[in-house]
Amino acid sequence: MQSYAGFFRRLVASIIDIFIIILLMAFIQFVTGIREEIFYYVLIILFSLSYFAYQESSVYQETVGKQAMNIIITDLDGRRISFACATKRFMVKVLASLPFFAGFLPVFINKNRQGIHDKIAKTLVIVRED
């Protein structure tokens with residue numbers, strides 16, 4: 001039986017991923033010298049989208065943070081998600097975080113531990129079976 005990843009496991013995975021993105025973007029900013037330009041903010045969004053969508057739709061089904069927390073992303077049938085699905089999930093996750101992270105509250109009460117972004121993208125976050 002599959003075990004759904006809870007809020008705190010998912011939170012730690014997100015913190016790890018965000019830390020990696022911040023480090024990489026700081027490096028890019030240092031190398032290129034881009035500061036406070038709209039291009040830099042667009043680059044952050046595109047890089048973040050690529051980071052999450054590519055890794056979550058890969059054969060590993062996880063980002064670096066999710067790997068550290070032993071969780072993966074699947075569709076509702078337990079299969080690997082497509083890049084388009086991972087992109088949709090990322091975009092909705094960004095929107096779900098805007099009103100004080102309210103889109104993540106259903107993780108506490110939903111039997112499948114799905115946030116709004118998981119419901120819309122039709123995905124599950126489960127603990128990887130080793």
As a quick check of understanding, evaluate side-chain contact (heavy atoms from CB on, under 4.5 Å) for D75 and C85, giving each step before the final call. CA-CA 9 Å; D75 68 8; C85 180; over 6 Å; no
I would like to know whether H117 and F104 meet ring pair (Phe, Tyr, Trp, His ring centres under 6.0 Å); could you show each step before the answer? CA-CA 8 Å; H117 57 292; F104 297 97; 5.1 Å; yes
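In terms of hydrophobic clustering, with Ile, Leu, Val, Met, Phe, Trp and Tyr side chains grouped at heavy-atom distances under 4.5 Å, F108 and F101 are assigned to a common cluster. When hydrophobic clusters are built by joining Ile, Leu, Val, Met, Phe, Trp and Tyr residues whose side-chain heavy atoms come closer than 4.5 Å, directly or via intermediates, I15 is grouped together with V107. Following chains of ILVMFWY side-chain contacts shorter than 4.5 Å, one cannot reach V125 starting from L76, and the two form parts of different hydrophobic clusters. Grouping the Ile, Leu, Val, Met, Phe, Trp and Tyr side chains by contacts below 4.5 angstrom, directly or via other members, places F47 with L49. Tracing side-chain contacts under 4.5 Å through hydrophobic residues (I, L, V, M, F, W, Y), one reaches V94 starting from Y40; they form part of the same cluster.
For the residue pair G115 and P106, the shortest heavy atom distance occurs at CA-CB, 4.5 Å. Between A96 and P99 the shortest heavy-atom distance is O-CD, 3.7 Å.
Once rounded to the nearest 0.5 Å, the distance linking CE of M91 with OG1 of T87 reads 8.0 Å. A distance of 7.0 Å separates CD1 of I20 from CD1 of I16, quoted to the nearest 0.5 Å. The line from OG1 of T74 to NZ of K122 is 14.0 Å long, rounded to the nearest 0.5 Å. Separating the CE atom in M25 from the OH atom in Y41 is a distance of 10.5 Å, to the nearest 0.5 Å. Rounding to the nearest 0.5 angstrom, the gap separating the CD atom in Q55 from the OH atom in Y60 is 11.0 Å. Rounded to the nearest 0.5 angstrom, F39 CZ and I44 CD1 are separated by 11.0 Å.
Using a 4.5 Å heavy-atom threshold, the side chains of I81 and Q61 count as separate. The closest side-chain heavy-atom distance from L124 to Y4 is below 4.5 Å. Contact of the L98 side chain with the L95 side chain is registered, since non-hydrogen atoms from C-beta on lie closer than 4.5 Å. The closest side-chain heavy-atom distance from K66 to I73 is below 4.5 Å. Side-chain contact between S3 and I126: absent, with no pair of heavy atoms (C-beta onward) separated by less than 4.5 Å. Y51 places a side-chain heavy atom less than 4.5 Å from the side chain of I21. Counting only heavy atoms from C-beta outward, the side chains of I28 and L43 approach each other to under 4.5 Å. Inter-residue side-chain proximity for L11 and F7 is flagged as met; some heavy-atom pair is nearer than 4.5 Å.
Side-chain atoms of N112 never come within 3.5 Å of backbone atoms of Q114 as a donor-acceptor pair (strictly under, hydrogens ignored). A donor-acceptor pair under 3.5 Å links the side-chain atoms of D17 to the main chain of G65, judged by distance alone. In this structure a side-chain-to-backbone donor-acceptor pair under 3.5 Å is missing from R9 to I71.
Ion pairing of D118 with R89 is present here, as a side-chain N (NZ or NE/NH1/NH2) and a carboxylate O approach within less than 4.0 Å.
The aromatic rings of F52 and F90 sit parallel, their planes meeting at an angle under 30°, below the 60° perpendicular limit.
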